[in-house]
Novice: 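Dumping the structure here so I can ask a few things about it.
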Protein chains: 2
Amino acid sequence: MDEVDHGPMTAGETADARSESVKPEDVKRGSGVSLWKQIAETLEAEIASGARKPGARLPVEAELAERFGVNRHTVRRALSVLGERGLIEATAGRGTFVKEPPLRYPIGARTRFSEIVLASGREPHGRFLGSQVEDASVEVARELGVAPGTKVLRIDTTHEADGVPISCGSAWFVHARCQDLDLVYAATGSLTRALSTLGIIDFRRKETRLTARVADERERGLLSLAMGRSVMVVERVDVDVAGVPLQWGRSSFAADRVQLVIKP
Amino acid sequence: MDEVDHGPMTAGETADARSESVKPEDVKRGSGVSLWKQIAETLEAEIASGARKPGARLPVEAELAERFGVNRHTVRRALSVLGERGLIEATAGRGTFVKEPPLRYPIGARTRFSEIVLASGREPHGRFLGSQVEDASVEVARELGVAPGTKVLRIDTTHEADGVPISCGSAWFVHARCQDLDLVYAATGSLTRALSTLGIIDFRRKETRLTARVADERERGLLSLAMGRSVMVVERVDVDVAGVPLQWGRSSFAADRVQLVIKP
DNA sequence: ATACATTTGTACGTATGTATT
DNA sequence: GAATACATACGTACAAATGTA
């Protein structure tokens, strides 16, 4: 795929039709590297070098298109990947801005967060971020064993240990069964206690699933992670004594601050 | 195949009458939800429901565009997000395919790679990379419960399922106890069988520790991972029936091909 | 080995919606 | 309300990769 070849490639236009008042900067057409990629890399380099500081506004798309001598869509494609990587943020009507990096990068001494989290699911004190009643997506419905579209309650939380953010995530409950669970949780910070107020005093972990990936923008913010760090994504299903799914949740753990320990 | 002619076709609003010769399925224009999102969710639901099985080829973009009554670009945008989420994979000239779900890899007291892979209906394969007798480092010594400097045998391996690399790693054994274990392993490709030739027919997992990070260069090579992908690093201690440490190992799993599963 | 059809990928062009200033 | 700027959507053309006759 990296074999460079010739190929004029002029899609739909003669190259010299461009006005002389603007120099088509940087990008090399037919170089084997797509224009949007070259543009993305150029802009990223400008941000990384400090030439564009956090908070600074980028030139508008039309202007960038002119600068690189490409169509606005080509610029948008480049901006899109930078946006996904959390380097910039665009708002309709305002503009596109270089994002501030997360403020703190707490030390990454690998705490053995351990059995507590995985084995029992009884997580230590958490911080309530918010909650919402929503229609169950296909995924949530499958995990909770209900029909898609069923009303479910989502609770978003983070967890810290000694002030260091450890994890963030969401848990879903069948709303009909867990009316106002979020209020109690917000007050107590303990899921176990919140559930007990609903008369659910016993439930057990049915399954825990683990995978990992690079932290996305939201996770970087909540967990104060630098770009390119990894999170472990933990999915869990809790069932009541009858074996009926009670909650399904997905949390992201800052991989370089935690070591999950599993004992059979 | 003749083209449907619906006049000037003003983009955006005017959810007016379209030609009846093609039924514009599902998507609701001007509903506040963008078309590409509706299409992405529809396709995702079809995959999740099993209507489109792993390995199956999706209709070509033009066909999907016709089905939903949108432009090919709108379909591409939808496919793009599904691709980023790892649900599908597109190759120029071939088509777009539903990806295999990650291999479920149970972590328990007696899980053996070959059994796990076989249970999922795939063909397991352990590859012997090499072995070496070395002096136990502080870490290895601690984990194996011996004095630092003790002779230990290191075996490097990779594992694949149906030819897809799953993990790579090293395992350490007390050399005095595991003379020529590497030779048998290299011949059989099975650790379980290799140990049985030494009279060790039963052992169990004492502990598993988990963390994650971005794959390094060696891992990228062994696991065919692109830059920036994550690995889950699994450290494990196996003990014999007497509870004496038998092996300590550290393996890196391709995070997007494996889902580690823990059941209580 | 070559030519061709198929299918995804890149790029440009145009129009309009929608949020912000 | 008007101007600005990003967001969505349609349309067209060709390049590049793949598979096949």
Side-chain angles (χ1 to χ4, degrees), chain A residues 1-18 24 27-40 57-66 68-84 88-97, chain B residues 1 3-16 18-19 22 24 27-40 57-66 68-84 88-97:
Chain A
M1 89 153 76
D2 33 335
E3 285 306 77
V4 186
D5 64 346
H6 40 70
M9 155 161 189
T10 71
E13 179 175 351
T14 51
D16 53 324
R18 225 172 284 106
V27 294
K28 287 182 275 290
R29 304 178 102 88
S31 69
V33 184
S34 48
L35 298 182
W36 63 263
K37 208 164 196 172
Q38 296 181 48
I39 294 170
R57 181 177 161 177
L58 291 183
V60 302
E61 294 171 350
E63 200 175 321
L64 287 172
E66 200 185 0
F68 291 106
V70 301
N71 186 272
R72 187 179 147 226
H73 285 316
T74 309
V75 166
R76 277 182 65 73
R77 173 105 195 236
L79 293 178
S80 146
V81 307
L82 296 184
E84 273 160 26
I88 62 174
E89 184 166 38
T91 319
R94 284 200 340 126
T96 307
F97 301 84
Chain B
M1 184 55 78
E3 240 254 88
V4 189
D5 173 22
H6 31 58
M9 183 56 190
T10 61
E13 195 74 43
T14 66
D16 54 319
R18 179 185 322 280
S19 163
V22 182
V27 294
K28 286 182 276 291
R29 304 178 100 89
S31 68
V33 183
S34 49
L35 297 180
W36 63 263
K37 206 163 197 173
Q38 295 181 49
I39 293 169
R57 181 178 165 179
L58 291 184
V60 301
E61 293 170 350
E63 201 175 322
L64 287 172
E66 199 186 0
F68 291 107
V70 301
N71 187 272
R72 187 182 148 219
H73 286 316
T74 310
V75 166
R76 277 181 65 74
R77 173 100 196 242
L79 293 178
S80 144
V81 307
L82 296 184
E84 273 161 26
I88 61 174
E89 187 164 38
T91 316
R94 286 203 336 126
T96 308
F97 300 84

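In what follows, every chain begins at residue 1, and chains take the letters A, B, ... in the order their sequences are listed.
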Novice: For the atom pair CZ (B:R72) and CG (B:L64), what is the distance rounded to the nearest 0.5 Å?
Specialist: 11.0 Å
Novice: Measure the shortest side-chain to side-chain distance between A:S31 and A:Q38 over non-hydrogen atoms and say whether it is less than 4.5 angstrom.
Specialist: yes
Novice: Under a 4.5 Å cut-off applied to non-hydrogen side-chain atoms, are B:L79 and B:L58 in contact?
Specialist: yes
Novice: Can you tell me if the side-chain N/O atoms of B:R29 get under 4.0 Å from OP1 or OP2 in D:dT8?
Specialist: no
Novice: Can you sort out the partners of A:E84 under side chain to side chain contact (heavy atoms under 4.5 Å, CB included), two or more places apart, ordered by chain and number?
Specialist: A:S80, B:E84
Novice: Less than 3.5 Å between a donor and an acceptor, one on the side chain of B:R72 and one on the base of C:dG9, is that the case here?
Specialist: yes
Novice: Return the value, rounded to whole Å, for the distance between atom CG of A:L35 and atom C1' of D:dA16.
Specialist: 15 Å
Novice: Taking only nitrogen or oxygen atoms into account, show me every contact under 3.5 Å that the protein makes with nucleotides 18-21 of chain D, one pair per line with its distance.
Specialist:
unit_1, atom_1, unit_2, atom_2, d
D:dT18, O4', B:A92, O, 3.4

Novice: Five pairs at each end of the helix from C:dT2-D:dA21 to C:dT21-D:dA2: take the axis at both ends and give me the angle between them to 10°.
Specialist: 10°
Novice: In whole angstrom, what separates A:E89's CD from D:dA7's P?
Specialist: 10 Å
Novice: Apply salt bridge (charged side-chain N to carboxylate O under 4.0 Å, His left out) to B:R57 and list each qualifying residue two or more places apart in sequence or on a separate chain.
Specialist: none
Novice: Give the rounded distance in Å between these two atoms: NZ of B:K37 and C1' of D:dA9.
Specialist: 16 Å
Novice: In whole Å, what is the span from the CZ atom of B:R76 to the P atom of C:dA11?
Specialist: 11 Å
Novice: Can you tell me if B:T96 touches the phosphate of C:dT8, counting only side-chain N or O atoms and a distance under 4.0 Å to OP1 or OP2?
Specialist: yes
Novice: When you measure from the side chain of A:R57, which nucleotide among C:dT10, D:dA7, D:dA5 comes out closest?
Specialist: D:dA5
Novice: Got a sec, which residues hit side chain to side chain contact (heavy atoms under 4.5 Å, CB included) with B:T74, two or more places apart in sequence or on another chain?
Specialist: B:L35, B:W36, B:I39, B:V70, B:N71
Novice: Of the candidate nucleotides C:dA11, C:dT7, D:dA9, which contains the atom at the shortest distance from the side chain of B:V60?
Specialist: C:dT7
Novice: Determine the contact category for B:R77: base if any of its heavy atoms lies under 4.0 Å from a base atom, sugar-phosphate if only primed atoms, P, OP1 or OP2 are that close, otherwise nothing.
Specialist: sugar-phosphate
Novice: Would you mind classifying the nucleic acid contact of A:L79 as base, sugar-phosphate or nothing, using non-hydrogen atoms under 4.0 angstrom?
Specialist: nothing
Novice: If you compare all heavy atoms of B:A78 against all heavy atoms of B:A40, which two are closest, and at what distance to 0.1 Å?
Specialist: CB-N, 3.7 Å
Novice: Of all residues at least two apart in sequence or in a different chain, which pass the salt bridge (charged side-chain N to carboxylate O under 4.0 Å, His left out) check with B:R76?
Specialist: B:E61
Novice: Atom CD of A:E66 and atom P of C:dC12: how far apart are they, to the nearest Å?
Specialist: 14 Å
Novice: Of the listed nucleotides (C:dC12, D:dA7, D:dG11), which one gets closest to any side-chain atom of B:N71?
Specialist: D:dG11
Novice: Would you compute the distance between atom CD1 of A:I88 and atom OG1 of A:T96 and round it to the nearest 0.5 angstrom?
Specialist: 5.5 Å
Novice: Report the distance from atom CG of B:L64 to atom C1' of C:dT8, rounded to the nearest whole Å.
Specialist: 13 Å
Novice: Would you mind reading off the distance between A:E61 atom CD and C:dA15 atom P, rounded to a whole angstrom?
Specialist: 18 Å
Novice: Go nucleotide by nucleotide along DNA chain C from the 5' end; which of B:H73 and B:L58 gets its closest nucleotide reached first?
Specialist: B:L58
